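Single-structure report; data block below.
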Number of protein chains: 2
Amino acid sequence: MSDTDGPHLAALAALLADPTRSTMCLALLDGRAWTLSELARHARVSAPTASEHLNRLVEGGLFTEVRQGRHRYVRLAGSETAYLVETMAGHTVPERRPVRSLAQSARRRALARARTCYDHLAGALGVNVTRAMSERGLLGQETGFALTGAGLDWFADLGIDLPTGGRRPLARPCLDWTERRPHLAGVAGAALLSHALDAGWCVRIGGGRALRVTDRGARDLADLLGLGTSAGAETSAP
Amino acid sequence: MSDTDGPHLAALAALLADPTRSTMCLALLDGRAWTLSELARHARVSAPTASEHLNRLVEGGLFTEVRQGRHRYVRLAGSETAYLVETMAGHTVPERRPVRSLAQSARRRALARARTCYDHLAGALGVNVTRAMSERGLLGQETGFALTGAGLDWFADLGIDLPTGGRRPLARPCLDWTERRPHLAGVAGAALLSHALDAGWCVRIGGGRALRVTDRGARDLADLLGLGTSAGAETSAP
DNA sequence: GTGACGTTTCGGCGCACACCGAAGTGGGCG
DNA sequence: CGCCCACTTCGGTGTGCGCCGAAACGTCAC
């Protein structure tokens with residue numbers, strides 16, 4: 001391989017190499033299914049244009065689609081695809097981009113505080129939770145990135161079932177775009193976000209990826225991980 | 001972020017979205033510096049064309065260059081860049097590609113047996129070494145991907161120094177293109193390949209990425225990890 | 001100096017494709 | 001049945017860019 005793989009790699013990259021398509025991919029990082037018209041509006045293109053792009057993304061295996069009545073729902077093909085998009089997004093140079101409006105600034109701060117990254121926690125909240133887990137000996141980051149025995153017990157005590165045996169790693173680092181530090185992804189990361197939503201630790205705000213930590217969530221996270229009440233609000237200043 | 005990051009992600013992807021450029025990136029996965037004309041010949045384009053592509057790749061931060069006399073040497077910007085290329089390459093669908101010539105078939109088999117992947121071992125050899133380390137309790141893969149205490153001792157006993165403290169993880173999985181299984185990357189992976197070359201366990205064959213396991217290497221790997229003499233030759237058949 | 005060679009710049013060609021408006025398809029609903 | 005709406009197909013336009021040959025530039029060797 002590899003000698004003849006150039007064109008294949010290029011074909012994959014070309015799917016992400018268009019601003020409209022990459023915007024769509026980032027939008028779908030919220031892990032949910034979007035309709036064509038929602039994506040068209042989000043990416044500011046006409047419906048015909050969006051249709052063409054979705055065809056290519058589905059054809060290329062990055063998206064899967066479900067047709068329901070007159071709607072065309074698409075979502076990321078799976079966690080591996082999300083991982084690919086996350087990895088590439090983590091390598092873009094963060095430039096000083098002028099904030100154009102007050103509303104945009106508020107939205108951006110909300111996303112930086114706490115958000116979902118496909119199926120796990122991200123933003124300051126995700127990074128702080130990951131760091132706290134490390135400090136409490138639940139997660140080992142020194143010699144790689146893996147749950148410890150204590151970490152497995154911690155999930156069990158919370159009543160969170162961690163399905164094993166699949167190809168997906170139990171714990172994996174995911175580079176946070178805003179914090180530039182790793183947060184917990186993989187099976188454990190997905191289970192943790194799922195539990196956080198079920199247990200009412202946080203709720204989605206707006207229709208997007210942003211999360212708000214509830215009072216109950218702040219209390220439980222303080223109890224379980226010693227997180228300060230501003231863990232999902234404070235910036236990453238040292 | 002993320003809302004306005006579509007164009008940035010697209011710009012990064014566009015660097016890899018051309019067959020000539022992606023071929024160059026894959027070539028540089030051998031971790032060494034290539035001259036412009038070497039890359040032009042490898043990618044089967046003229047020197048002017050290659051020059052343009054290198055400009056864009058350097059400009060985009062994927063390559064770094066060193067000018068020496070009338071030569072222009074380029075290499076991957078770093079291990080993170082190599083990781084990015086590896087990740088994307090690992091997501092290309094492996095298709096049944098007809099083998100066109102006997103020489104190509106032999107080259108492909110050699111690469112599948114043992115090769116370098118930027119700065120660590122890959123191919124059947126890399127995957128088997130990784131699996132053996134797991135079975136011997138040197139590497140934990142159940143709850144993530146991390147060296148164990150025994151693993152740290154194992155490196156120390158070999159006299160391999162593992163520099164810590166940098167941003168690069170000590171152990172990281174890298175999906176093998178040919179084997180479709182993880183092999184050891186990160187600081188430990190790089191140190192292991194470096195030691196393997198220094199200790200004469202394997203040598204580079206041809207000018208490329210392919211490796212040949214020496215008699216001495218086969219003996220030492222059998223002693224240290226219980227690897228069969230064909231560990232770098234056998235296929236991954238279960 | 002002169003010649004060879006690696007690299008860059010320039011000009012021009014041709015193709016791929018992102019985009020839209022208009023028209024067509026088909027499901028859902030009154 | 002007829003209307004609305006989500007989506008797709010079709011034509012046409014513009015442009016970005018990958019490519020090369022020719023020529024210029026720099027370095028090295030003699």
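Quick caveat: nothing in here was measured; it's all calculated off a predicted structure. Residue numbers begin at 1 in each chain, while the letters A, B, ... track the order of the sequences.
Residue B/Val45 has its side chain nearest to D/dC20 when only D/dC20, C/dT7, D/dT9 are considered. Considering only side-chain atoms of B/Arg72, the nucleotide from C/dA22, D/dC7, C/dT7 that sits closest is C/dT7. Comparing D/dG18, C/dC19, D/dC7 by their nearest atom to the side chain of A/Leu36 picks out D/dC7. Of the listed nucleotides (C/dC17, D/dC19, D/dC7), C/dC17 has the atom at the smallest distance from the side chain of A/Arg56. Closest approach to the A/Ser37 side chain among C/dC17, D/dA6, C/dT7 is made by D/dA6 (side chain taken as heavy atoms from C-beta onward). Distance from the side chain of A/Ser46 is smallest to C/dC20 among C/dA18, C/dT8, C/dC20. If you check C/dT7, C/dG21, D/dC19 against the side chain of B/Arg67, the one that comes closest is C/dT7. Side-chain proximity of A/Asn55 to D/dC7, D/dC20, D/dT9: nearest is D/dT9.
Comparing B/Glu38 and A/His53 along DNA chain C, the residue whose closest nucleotide (by nearest heavy atom) sits nearer the 5' end is B/Glu38. Heavy-atom nearest nucleotides on DNA chain C were determined for A/Arg44 and for B/Leu54, and the one closer to the 5' end corresponds to B/Leu54.
For B/Thr49, a side-chain nitrogen or oxygen approaches OP1 or OP2 of D/dC20 to under 4.0 Å. The side chain of B/Ser51 places no N or O atom within less than 4.0 Å of a non-bridging phosphate oxygen (OP1 or OP2) of C/dT7. The phosphate of C/dC19 (OP1 or OP2) has a side-chain N or O of A/Thr20 nearer than 4.0 angstrom.
Rounded to a whole Å, the CD atom of B/Gln68 is 20 Å from the P atom of C/dC5.
Side-chain atoms of B/Arg70 come within donor-acceptor range of the base of C/dC5, with a qualifying N/O pair under 3.5 Å.
Tested against A/Arg72, the residues A/Thr35, A/Leu39, A/Leu54 include a single side chain to side chain contact (heavy atoms under 4.5 Å, CB included) partner, A/Leu54. Test A/Asp176, A/Asn128, A/Thr130 against A/His183 for side chain to side chain donor-acceptor pair (under 3.5 Å) and you get one pass: A/Asp176.
Nearest heavy-atom pair, A/Ala210 versus A/Ala110, reported as atom, atom and distance to 0.1 Å: CB-CB, 4.4 Å.
Within a 6.0 Å sphere centred on CG of B/Asp198, heavy atoms belonging to other residues, nucleotides or ligands number more than 12.
Within the structure, no pair that satisfies the ring-ring contact (aromatic ring centres under 6.0 Å, His included) test touches residues 46-66 of chain B, not counting sequence neighbours.
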